[in-house]
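Scope of the values below: all heavy atoms of this structure, side chains included, with no hydrogens, waters or symmetry mates.
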Amino acid sequence: MDIHEYQAKEILNEYGVKIALGGLAYSPDDAVQRAREIGGRVWAVKAQIHSGARGKAGGIIICKNHDEVANAAEKLLGKRLITHQTGPAGKVCGRLYIEAGTDIAKEMYFCLLVDRTEERIVMIGSAQGGMDIEALALTDPDAITKIYIDPAVGLQDYQAREMAFTLGIQADSMSHAVKTIKGCYRALRDLDANMLEINPLVIAANGDLLALDAKMGFDENALFRQPKISELRDKTQEEPRETAAADRGLSYVGLDGDIGCMINGAGLAMATMDMIKLAGGEPANFLDVGGGASAERTEKAFRLVLADQNVKAMLVNIFAGINRCDWIAEGVVQAVRKIDMKVPLIVRLSGTNVAEGQRIIADSGLPIITAETLAEAAEKAVQARNEVVAREA
């Protein structure tokens, strides 16, 4: 789960990380009022979306008077920002963060991540901060330093000092830098975050070390013990179908293809998508209905898949172990009758009570295409999809 910049900054500030003065705005009038409250002569008007690279997309505007603040707010609110992280669909800006301008002496990059391969926390830093950190990683990887932290021991002072030296921080600011780095680590550890990024981390002209931008991501599996973090969720920034699926206990990921999938088991789902690709098609989604696919749950899954207007055919692939094929078949028949499907449906069942499940589908009188094997099911799904496309053309 991601949160907004202003939310991440509020969290970090509670852990001793300095931030510039700022305030939230939902309208141009709000933005001007926040600028008046902050004071000064320069403000940054920042679009709040769940994506990096907002600056390149025009989502951060520097203003030098209140009229410019109002105009910037008018321009950004409701705007769809497209970055390399959002994809072509982009994300709509519904709120702004008005921040005091900072006289920057030096920009740096700092990040903490959960490295699942190493089973440790990795601390990443570079003396060359700013928007082009991704390009720097490709062109000059030696400019980026990684320090691994054993979670059983925690971040040690010498590691924090090593990172501070890497960032090019001078001796007179060392204690402040160590405090900032350790505060970031505590926030990551205490709140079950799996990513914390400050880009840029800056040294201001007055010597202050400030988090000028902040991004945090959290492990959704741990949200049950982090109620305050759960309340920060902004569902308007998430893919609607994925959010709807999560609210119904389904695992769904939207893709760019046009063959909808409903499968039980993540491994089988991955194999099914591979077979669709091998047969010349493109899956429209990953959907794992899990082991307890009741008729009601099956209907919800159907509606989620068919909510994607790009779907030209739908493939149901079920291997019943804990579940039963006859239960799945009943759910499929009930769902098709209720939804009045307009696209071809291919069903492949295997496992417990498969003969009964196949009989239920055959006796339903519905135009359901059946298959015995996964390869056959994928080929029939691609063929059905191609026939629909040909008719539409």
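A salt bridge is defined here as a Lys NZ or Arg NE, NH1 or NH2 lying under 4.0 Å from an Asp or Glu carboxylate O, and Asp157 with Lys182 meets this definition. A salt bridge is defined here as a Lys NZ or Arg NE, NH1 or NH2 lying under 4.0 Å from an Asp or Glu carboxylate O, and Glu376 with Arg348 fails to meet this definition. Between Asp208 and Lys18, at least one side-chain N (NZ, or NE/NH1/NH2) sits under 4.0 Å from a carboxylate O, which counts as a salt bridge. Here Glu118 does not pair with Lys146 in a salt bridge; the nearest charged N to carboxylate O distance is not below 4.0 Å.
Under the 4.5 Å side-chain heavy-atom criterion for ILVMFWY residues, a single connected hydrophobic cluster contains both Leu76 and Val69. One hydrophobic cluster, built from ILVMFWY side chains closer than 4.5 Å, cannot hold both Ile369 and Val333; they sit in different ones. By the rule that hydrophobic residues join a cluster once side-chain heavy atoms approach within less than 4.5 Å of another member, Leu212 and Leu201 end up as members of separate clusters. Cluster membership check: Phe302 does not share its hydrophobic cluster with Val253, using side-chain heavy-atom separations under 4.5 Å among Ile, Leu, Val, Met, Phe, Trp and Tyr. In the hydrophobic clustering of this structure, Leu306 groups with Ile328; members are Ile, Leu, Val, Met, Phe, Trp, Tyr whose side-chain heavy atoms approach within less than 4.5 Å, directly or through other members.
The salt bridge (charged side-chain N to carboxylate O under 4.0 Å, His left out) test applied to Asp30 returns no partner, not counting sequence neighbours. By the salt bridge (charged side-chain N to carboxylate O under 4.0 Å, His left out) test, Arg225 is found to be paired with Asp192, residues two or more places apart in sequence or in another chain being considered. Residues meeting the side chain to side chain contact (heavy atoms under 4.5 Å, CB included) test with Asp363, sequence neighbours left out: Arg359. The side chain to side chain contact (heavy atoms under 4.5 Å, CB included) test applied to Lys312 returns Asp258, Arg385, Val388, Val389, Glu392, not counting sequence neighbours. A search for side chain to side chain contact (heavy atoms under 4.5 Å, CB included) contacts involving Ala266 returns Phe286, Asp288, not counting sequence neighbours.
Counting only residues at least two apart or in different chains, ring pair (Phe, Tyr, Trp, His ring centres under 6.0 Å) contacts with residues 333-384 are absent. Within the structure, side-chain hydrogen bond (donor to acceptor under 3.5 Å, both in side chains) pairs that include any residue of residues 266-284 comprise Thr272-Asn317, Lys277-Glu282 (at least two apart or interchain). Residue pairs meeting the side-chain hydrogen bond (donor to acceptor under 3.5 Å, both in side chains) criterion with at least one partner in residues 3-16, sequence neighbours excluded, are His4-Asp234, Glu5-Lys9, Glu5-Lys46, Glu5-Gln48, Glu5-Arg54, Tyr6-Arg95, Lys9-Glu99, Tyr15-Asp190. Pairs of residues two or more places apart, or lying in two chains, never qualify as side-chain hydrogen bond (donor to acceptor under 3.5 Å, both in side chains) while including a residue from residues 63-78. For residues 80-94, there are no salt bridge (Lys or Arg N to Asp or Glu O under 4.0 Å) pairs, not counting sequence neighbours. Applying the side-chain hydrogen bond (donor to acceptor under 3.5 Å, both in side chains) rule to pairs touching residues 159-176 yields nothing, sequence neighbours excluded.
Checked by atom type and distance alone, the side chain of Arg337 pairs as donor or acceptor with a backbone atom of Ser364 at under 3.5 Å. In this structure, Asn285 contributes its side chain and Cys261 its backbone to a donor-acceptor pair below 3.5 Å. Looking at Gln156, its side chain does come within 3.5 Å of a backbone N or O of Gly154 through a donor-acceptor pair. With hydrogens and angles ignored, the 3.5 Å screen pairs no side-chain donor or acceptor of Thr102 with any backbone N or O of Ile104. Between the Ser230 side chain and the Leu223 main chain, a donor and an acceptor come within less than 3.5 Å of each other.
Residue Lys179 places its NZ atom among 12 or fewer non-hydrogen atoms of other residues, nucleotides or ligands, all under 6.0 Å distant. Within 6.0 Å of the CG atom in Asp115, the count of heavy atoms belonging to other residues, nucleotides or ligands exceeds 12. Within 6.0 Å of CE on Met270 lie no more than 12 heavy atoms contributed by other residues, nucleotides or ligands.
Taken from CE in Met341 to CE in Met314, the straight-line distance is 6.0 Å, to the nearest 0.5 Å. Remark: Asp213 CG to Glu107 CD distance equals 10.5 Å, nearest 0.5 Å. Atoms CZ and CD1, on Phe224 and Ile229 in that order, are 14.0 Å from each other to the nearest 0.5 Å. Remark: Ile259 CD1 to Ile346 CD1 distance equals 7.5 Å, nearest 0.5 Å. Rounding to the nearest 0.5 Å gives a distance of 11.5 Å between CG of Asp326 and CD of Gln358. Atom CD1 of Ile360 is separated from atom CD of Gln334 by 11.5 Å, given to the nearest 0.5 angstrom.
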- Apply the test side chain to side chain contact (heavy atoms under 4.5 Å, CB included) to residues Met275 and Thr373: give CA-CA distance (whole Å), side-chain angles for both, the deciding distance (0.1 Å), then the verdict. CA-CA 11 Å; Met275 290 302 293; Thr373 66; over 6 Å; no
- Walk me through it: do Cys325 and Trp327 pass the test side chain to side chain contact (heavy atoms under 4.5 Å, CB included)? CA-CA 5 Å; Cys325 287; Trp327 295 345; over 6 Å; no
- Leu77 and Lys79: side chain to side chain contact (heavy atoms under 4.5 Å, CB included), yes or no, with the steps? CA-CA 5 Å; Leu77 285 169; Lys79 180 179 180 179; over 6 Å; no
- Message: For a salt bridge (Lys or Arg N to Asp or Glu O under 4.0 Å) check, start with the C-alpha distance between Arg233 and Glu220, then their side-chain angles and the critical distance, and finish with the verdict.
- Response: CA-CA 11 Å; Arg233 188 166 206 158; Glu220 293 187 8; 3.3 Å; yes
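Side-chain atoms of Phe218 and Met216, non-hydrogen and from C-beta on, do get closer than 4.5 Å to each other. In this structure the side chain of Leu210 never reaches within 4.5 angstrom of the side chain of Ile19, judged on heavy atoms. Side-chain atoms of Met123 and Ile149, non-hydrogen and from C-beta on, do get closer than 4.5 Å to each other. Using a 4.5 Å heavy-atom cutoff, the side chains of Ile124 and Ile147 are not in contact. Val316 is listed as a side-chain neighbour of Ile318, based on a closest heavy-atom distance under 4.5 Å. Two residues are said to be in side-chain contact when any heavy atoms from C-beta on lie closer than 4.5 Å; Ile276 and Leu315 meet this criterion. Contact of the Leu113 side chain with the Ile121 side chain is not registered, since no non-hydrogen atoms from C-beta on lie closer than 4.5 Å. Considering only heavy atoms from C-beta on, Leu12 comes within 4.5 Å of Ile198 through its side chain.
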Side-chain donor-acceptor distances from residues 34-43 under 3.5 Å, at least two apart:
| unit_1 | atom_1 | unit_2 | atom_2 | d |
| --- | --- | --- | --- | --- |
| Arg34 | NE | Glu37 | OE1 | 3.0 |
| Arg34 | NH1 | Leu24 | O | 3.4 |
| Arg34 | NH2 | Glu37 | OE2 | 3.1 |
| Glu37 | OE2 | Gln33 | NE2 | 3.4 |
| Trp43 | NE1 | Ala35 | O | 3.2 |
| Trp43 | NE1 | Gly39 | O | 3.1 |

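Just one of Leu191, Leu196, Val17 meets the side chain to side chain contact (heavy atoms under 4.5 Å, CB included) condition when paired with Ile11; it is Leu191.
The two residues Gly22 and Tyr97 come nearest to each other via the heavy atoms CA-OH, 3.5 Å.
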